[in-house]
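Below you'll find the structure, written out as structure tokens, and then a few comments.
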Protein chains: 2
Amino acid sequence: MGRWVPDARGRLAKAALALYSERGYEQTTVAEIAAHAGLTERTFFRHYADKREVLFAGSQELQTLFVDAVAGAPRDAAPLEAVAAGLDAAAELFTDRRPFARQRQAVIAANANLVERELIKLASLSSAIAATLRGRGVTEPAASLTAEAGVAVFKVGFERWVAPAETRDMADLMHEALDALKAAVAARGQ
Amino acid sequence: MGRWVPDARGRLAKAALALYSERGYEQTTVAEIAAHAGLTERTFFRHYADKREVLFAGSQELQTLFVDAVAGAPRDAAPLEAVAAGLDAAAELFTDRRPFARQRQAVIAANANLVERELIKLASLSSAIAATLRGRGVTEPAASLTAEAGVAVFKVGFERWVAPAETRDMADLMHEALDALKAAVAARGQ
DNA sequence: AGCCTCGATGACAGCAACTGACATCAATGA
DNA sequence: TCATTGATGTCAGTTGCTGTCATCGAGGCT
């Protein structure tokens with residue numbers, strides 16, 4: 001075997017989620033996470049920029065998948081329909097990860113600092129979607145607004161998907177949320 | 001005169017914005033802010049929960065005004081129209097504060113930690129609007145989605161309002177953004 | 001006047017997040 | 001064989017933030 005136990009990054013992420021779940025985010029020190037992964041505090045910060053980031057390793061993957069789906073939507077699809085393709089891709093990504101997502105979301109919801117980090121990840125997703133829409137010829141401010149609307153749908157759909165009693169597929173919930181948005185915005189305004 | 005120079009809170013906020021603008025957020029220590037306000041570091045933390053919060057003292061006022069306008073919209077107004085009333089109230093609040101808003105926004109945009117804090121303030125605004133809409137009889141997920149859409153409009157409108165060359169009124173920009181959202185969401189989806 | 005309570009601030013010690021600098025040493029490959 | 005590389009360890013230092021106790025003028029009560 002090599003000089004070090006493999007996958008230090010993964011071990012840190014696993015240890016962090018476990019400890020944050022058990023005793024809470026604030027009550028967990030980085031040194032403890034590192035020790036549980038058989039590493040030192042300094043090494044933790046070589047793998048993750050800060051104590052929060054360790055919970056958001058997958059957000060880049062989500063963004064890439066979402067954006068690629070938007071970019072790959074039929075050329076004649078309306079902007080919001082292209083975003084809907086991204087929502088479908090996201091739903092597929094999360095298939096079979098519901099228990100993990102629930103545990104992780106419980107940790108995040110319990111701490112405002114973690115919620116902040118999640119929000120900036122979603123803002124980054126929104127920016128990337130908007131840029132992709134502009135690449136499809138959508139002009140501002142329509143691109144940004146469509147992207148923001150799409151992320152709002154994702155947020156609402158995701159929230160429902162991780163809700164305790166929920167059993168429906170994420171794709172169904174995303175479609176429901178998207179339809180609800182269309183209805184809400186279309187409702188008899190002057 | 002009193003035992004202490006008045007308005008410690010305001011002096012801290014003023015000193016913080018000035019220092020963050022001059023030398024950057026990260027390069028400014030809380031002790032320096034406090035010193036410029038004629039106070040100690042410990043007193044800073046008695047007025048503001050952390051180093052970021054000092055830039056967001058006004059967000060509660062915005063939220064209250066926005067929410068009150070939504071609650072006070074005509075009983076028969078559609079949810080999105082009620083939110084539009086909130087946007088108008090927000091626009092009024094910012095009248096004559098453009099230079100301040102520009103300076104503050106430049107500071108925030110330059111640091112990810114400050115952006116995070118701004119995002120959670122907007123998320124709080126969205127939650128409050130959604131709750132108000134539910135109070136008007138709007139059901140979920142329409143309430144949350146309408147609120148998120150409204151905040152998206154606010155974000156886009158505000159961004160444009162603080163843009164360097166922009167001279168139009170915030171109310172005009174908010175209306176434009178709202179119309180763009182309606183158009184984008186209504187666009188020929190199946 | 002004399003006294004008391006209150007509240008904003010100061011002083012100080014301490015923890016933990018994060019960073020920079022340098023050392024270590026198995027694996028790798030020329 | 002040996003120099004290089006790269007992930008990790010070690011250690012010292014800064015700073016955000018907190019708990020605790022002291023200070024002392026203002027304002028009320030007698």
Side-chain angles (χ1 to χ4, degrees), chain A residues 1-57 107-108 110-118 120-121, chain B residues 1-57 107-108 110-118 120-121:
Chain A
M1 80 174 194
R3 180 176 183 186
W4 296 287
V5 184
D7 193 25
R9 233 183 118 79
R11 276 150 49 213
L12 286 167
K14 201 166 185 174
L17 179 59
L19 289 172
Y20 291 172
S21 283
E22 278 174 32
R23 65 181 81 160
Y25 170 78
E26 307 252 15
Q27 285 66 45
T28 304
T29 69
V30 173
E32 287 169 346
I33 298 169
H36 273 69
L39 297 165
T40 64
E41 188 185 11
R42 192 64 184 88
T43 297
F44 176 96
F45 287 110
R46 288 202 179 92
H47 286 277
Y48 297 101
D50 58 47
K51 193 186 169 186
R52 308 174 207 172
E53 197 65 18
V54 67
L55 285 181
F56 297 88
V107 169
I108 292 173
N111 186 278
N113 290 312
L114 293 172
V115 173
E116 284 185 349
R117 180 56 52 86
E118 171 156 71
I120 208 173
K121 296 295 183 185
Chain B
M1 78 174 195
R3 180 175 182 186
W4 297 288
V5 185
D7 193 24
R9 237 185 116 79
R11 275 152 48 214
L12 286 167
K14 201 166 186 174
L17 179 60
L19 290 171
Y20 292 171
S21 283
E22 278 174 30
R23 65 181 81 159
Y25 170 78
E26 307 253 15
Q27 286 66 46
T28 304
T29 69
V30 174
E32 287 169 346
I33 298 169
H36 273 71
L39 297 164
T40 64
E41 189 185 9
R42 191 64 185 90
T43 297
F44 176 96
F45 287 110
R46 288 200 179 94
H47 286 278
Y48 297 101
D50 57 48
K51 194 186 167 185
R52 308 176 206 171
E53 197 65 19
V54 67
L55 285 181
F56 296 89
V107 170
I108 292 173
N111 186 277
N113 290 312
L114 293 172
V115 173
E116 285 185 349
R117 180 56 51 87
E118 171 156 72
I120 208 173
K121 295 297 184 187

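Sequence lines set the chain letters: A, B, ... in the order given, protein chains first and strands last, and positions in each chain run from 1.
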Nearest to the side chain of K51(B), which nucleotide is it out of dC18(C), dT9(C), dC17(D)?
dC17(D)
May I ask you to verify if any side-chain N or O of T43(B) is less than 4.0 angstrom from the OP1 or OP2 atom of dG10(C)?
yes
Spacing of R52(B) atom CZ relative to dA17(C) atom P, expressed in whole Å
14 Å
Contact list please: residues 26-39 of chain B against DNA chain C, heavy atoms, distance less than 4.0 Å, in numerical order.
G38(B), L39(B)
Of N111(A), L19(A), I108(A), L55(A), the one forming a side chain to side chain contact (heavy atoms under 4.5 Å, CB included) with Y25(A) is N111(A)
Specify the separation, in whole Å, of atom CG of L19(A) and atom P of dA16(C).
14 Å
CZ of R9(A) to OG1 of T43(A): how many Å apart, nearest 0.5 Å?
13.0 Å
Considering all heavy atoms of both residues, which atom of Y20(B) and which atom of V107(B) are nearest to each other, and what is their separation?
CB-CG1, 3.6 Å
Polar pair under 3.5 Å, donor/acceptor by atom type, side chain R46(A), base dG9(D)
yes
Nucleotide of dC18(C), dC17(D), dC11(D) approaching F45(B) most closely (side-chain heavy atoms):
dC17(D)
Spacing of N113(B) atom CG relative to dC18(C) atom C1', expressed in whole Å:
12 Å
Between H47(A) and dA7(D), is there a contact of a side-chain N or O with OP1 or OP2 at under 4.0 Å?
no
Counting only heavy atoms not in H47(A), do more than 12 fall under 6.0 Å of its NE2?
yes
Between Y25(B) (OH) and dT15(D) (P), how many Å, whole number?
13 Å
Round to the nearest Å and state the distance from R42(B) atom CZ to dT20(D) atom C1'.
9 Å
Does L39(B) reach the side chain of W4(B), with side-chain heavy atoms less than 4.5 Å apart?
no
Length of the line joining W4(A):CH2 and dT5(D):P, which is rounded to integer Å:
15 Å
Quick one: which of dC17(D), dA11(C), dT8(D) gets closest to the side chain of D50(B)?
dC17(D)
Answer whether the closest heavy-atom distance between the side chains of N113(A) and K51(A) falls below 4.5 Å.
no
What integer distance in Å separates E41(A):CD from dT10(D):P?
12 Å
F44(B) has an atom CZ; how far is it from atom P of dT15(D), in whole Å?
15 Å
For E53(A), is there an ion pair with K121(A) - N to carboxylate O distance below 4.0 angstrom?
yes
